[in-house]
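Quick caveat, the model's predicted, so the values are computed rather than measured. The first residue of the sequence shown is numbered 1, and numbering continues consecutively from there.
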Amino acid sequence: MQKLNGDHIWVDSCKYYIIAHAFQVLPLYVVKFKERTSADDEWGYGRGRRPDFADDSEREAVLVENNVNIIRNTAGQLRQKEFGAIVPGAYNRKCHMTLPKTNQIWIGYLHPGRDDTALQEHVKVFLDDCKIDKIRIVHESFRRAAYVYLKEPITLEKVKEMNEVRKYLGKYTICVEDVQPKSPHFAEEVCPRLKGRGRFCRAENIKYVKHGCYFQHPQVWKPTSFAEYSMTPIPLDSAKGDEIVSDFMSTAPFHNGRPKIIKIQKIVNNVLHHLYEQRKQYSESKHATGATEVELYHGTNCNILDYLYTHGLRPPSDIKASDKCPVSGKKGLATTLCDNTCKFCTEKHEWSMCHMYGLGIYLADRADKSNRYVSAPESGKIYKMIKCRVSLGNSFLIEGHLKDGKALHDWCVCEDPSEHINFIRKVEWDVQDHDSFYVKGLGGNAISGSSVVNSEYIVFTPFQCLPVYEISYTLN
């Protein structure tokens, strides 16, 4: 039990508050429900029970009026989720299309209780009079949407008809939006992902791969714009210092010498801590069995540590850093720190025996592995490594060899890699349940350029990682 202040107490074991005074509480809504006992229902949440209303109209009216969706997960706990998490189209975006034609559209929100294969079939039925080239289902927090690439463009009139007349699954009105790069509304609207729950758009530093985003990403909307950090020394002979030193030295010597730790500092950034906890809570609510949290090492260029401690570890860009750039230039970086609007950093980053499993954040459970990626040591001799808390969510196990060493290089989201892997042991993929890659080290059976000797972890969103300790060391 933790006393937060004099007005209430938080009981962590039960996940509830004890309030001191009656007038601290204002009742707002009464939600009536009964428990459904059937193995499945039309919403697809057969794995557990959920609140039910007298009929669909009553359910949707209450959800929309109260700005809340409630379901039960497999542990029987009530979960509150945003619009679109249960009822398809319960909260639609407004269509901003103005151009006469488009061959790229976004459709949402789709049925949240169906897998990607079923959702693709739903989209095909909805677009039965269109010639489809490709459908890509995307997961926006708890919601589902689709990017559709068309072989032949459709008119503005048809898009309006899809928004106003056509029904998804025969009963729901959903949003169909023009997402071709030249659409003028992209130049005016802030990216919905920056304004949303995750506060991050993976595509803001992506320019050449298909996951690009053409909305605006103004600096003021980024949650770490005004973040600051401080460093607190951790004595090497303290209990925590001894714990860090012992774990760090357990894999010594490194490939380039025997390390000697000279300083450990704790990184304190309240903004990053809050964003990390939000992401962790999302993972826990997404997975009924909870979400895996671990401490891992991250090695990187020591010239950018100030940036990382301020803004967090960032998934790398697909754009090469330019020496002319005042932000990313002359630091020895392979990819830019800038977003995709930088006028200096414009050249595509190409594969060069790097990013084997995509443009993600790479971490390791062994210090000797992360040491291989530490570069630009301070004064040429003081190396610095970051120890992080990492909310892996539910990791997808990759135990095998890449069929082509550069097949996953341009991947920037956590998607099913199965077609590119020769598995030693295959685990079935469920895209709704995975948030990271766990690449198992194969030791002496590893093949250079196709698999790894020691294990590594890859995440694709920055706030899954929280930099906690900076370990400074020399190599003899």
Side-chain angles (χ1 to χ4, degrees), residues 136 138-139 200 202-203 205-206 208-211 283 291-292 294 296-301 308 312-320 333-336 348-366 368-375 386 388 390-443 445-465:
R136 181 166 64 88
V138 293
H139 298 243
F200 171 71
R202 178 62 187 96
N205 66 353
I206 298 297
Y208 295 100
V209 303
K210 282 192 175 181
H211 295 87
S283 293
T292 302
V294 293
L296 299 172
Y297 295 103
H298 179 72
T300 188
N301 187 309
L308 299 183
L313 275 61
R314 315 297 287 184
S317 172
D318 67 344
I319 308 169
K320 185 178 179 180
L333 299 175
T335 59
T336 182
K348 186 179 187 301
H349 166 67
E350 302 289 353
W351 177 78
S352 178
M353 296 296 290
C354 59
H355 304 113
M356 281 176 60
Y357 299 96
L359 296 171
I361 302 168
Y362 286 68
L363 304 114
D365 50 19
R366 295 172 58 101
D368 61 341
K369 182 177 179 71
S370 291
N371 172 70
R372 292 178 175 272
Y373 302 93
V374 178
S375 62
I386 310 171
C388 308
V390 185
S391 177
L392 292 173
N394 187 10
S395 294
F396 179 71
L397 172 64
I398 299 178
E399 186 177 358
H401 310 283
L402 287 169
K403 296 177 182 178
D404 179 349
K406 57 184 178 180
L408 303 182
H409 176 267
D410 287 342
W411 285 37
C412 56
V413 293
C414 190
E415 295 182 320
D416 184 1
S418 299
E419 64 179 294
H420 302 290
I421 309 290
N422 285 322
F423 284 95
I424 295 174
R425 180 162 63 98
K426 177 71 182 293
V427 178
E428 291 302 317
W429 169 271
D430 178 357
V431 72
Q432 299 183 46
D433 290 333
H434 292 89
D435 311 282
S436 56
F437 290 155
Y438 166 48
V439 184
K440 187 172 182 178
L442 302 182
N445 295 320
I447 300 174
S448 179
S450 296
S451 47
V452 295
V453 176
N454 296 315
S455 300
E456 59 190 32
Y457 305 75
I458 302 97
V459 299
F460 294 89
T461 59
F463 307 131
Q464 283 182 258
C465 305

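Looking only at side-chain heavy atoms (C-beta outward), Tyr373 and Tyr362 stay at 4.5 Å or farther from each other. Taking the side chain as every heavy atom from C-beta outward, Leu392 and Val459 approach each other to under 4.5 Å. Side-chain atoms of Phe423 and Ser418, non-hydrogen and from C-beta on, do get closer than 4.5 Å to each other. At least one side-chain heavy atom of His349 sits under 4.5 Å from a side-chain heavy atom of Cys354. Here the side chains of Asn301 and Leu333 are in contact, with some heavy-atom distance below 4.5 Å. You'll find the side chain of Val452 reaches within 4.5 Å of the side chain of Lys369, heavy atoms only. Thr300 places a side-chain heavy atom less than 4.5 Å from the side chain of Leu308. Contact check for Met356 versus Ile458: no side-chain heavy atoms found under the 4.5 Å cut-off.
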CA sep, side-chain torsions, deciding dist, call: Tyr208, Glu350, side-chain contact (heavy atoms from CB on, under 4.5 Å): CA-CA 11 Å; Tyr208 295 100; Glu350 302 289 353; over 6 Å; no

Chi angles and distances behind the side-chain contact (heavy atoms from CB on, under 4.5 Å) call for Lys348, Asp410: CA-CA 11 Å; Lys348 186 179 187 301; Asp410 287 342; 3.5 Å; yes

Test side chain to side chain donor-acceptor pair (under 3.5 Å) applied to Asn371 and Tyr297, step by step: CA-CA 9 Å; Asn371 172 70; Tyr297 295 103; over 6 Å; no

Worked verdict on Val294 versus Asp365 for side-chain contact (heavy atoms from CB on, under 4.5 Å): CA-CA 9 Å; Val294 293; Asp365 50 19; over 6 Å; no

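Between Ser317 and Leu359, the shortest heavy-atom contact is O-CD2, 3.9 Å. Of all non-hydrogen atoms in Ser455 and Tyr438, the two that sit nearest each other are OG-OH, 3.4 Å. Here the closest non-hydrogen pair linking Pro315 and Ile361 is N-CG1, 3.7 Å. Here the closest heavy-atom approach between residue Ala446 and residue Val453 is recorded as CB-N, 3.8 Å. When all heavy atoms are compared, the tightest approach of Thr335 to His355 is CG2-CE1, 4.3 Å. A pairwise comparison of heavy atoms in Asp435 and Cys414 identifies C-SG, 3.7 Å as the closest pair.
Rounding to the nearest 0.5 Å gives a distance of 12.0 Å between NE2 of His401 and OG of Ser448. For the atom pair Cys465 SG and Leu313 CG, the distance stands at 5.5 Å (nearest 0.5 Å). To the nearest 0.5 Å, the span separating CZ on Phe396 from NE2 on His434 amounts to 6.0 Å. Annotation: the span from Glu419 atom CD to Lys403 atom NZ amounts to 7.5 Å, rounded to 0.5 Å. In this structure, CG on Asn454 lies 12.5 Å from NZ on Lys440, to the nearest 0.5 angstrom. Expressed to the nearest 0.5 Å, how far CD of Glu456 lies from CG of Leu296 amounts to 11.5 Å.
In this structure, a donor-acceptor pair under 3.5 Å is present between the side chains of Ser395 and Ser436.
Test Phe460, Tyr457, Tyr357 against Phe437 for ring pair (Phe, Tyr, Trp, His ring centres under 6.0 Å) and you get one pass: Phe460.
Between the side chain of Gln464 and the backbone N or O of Ser391 there is at least one donor-acceptor pair closer than 3.5 Å. A donor-acceptor pair under 3.5 Å is formed between the side chain of Asp318 and the backbone N or O of Val209.
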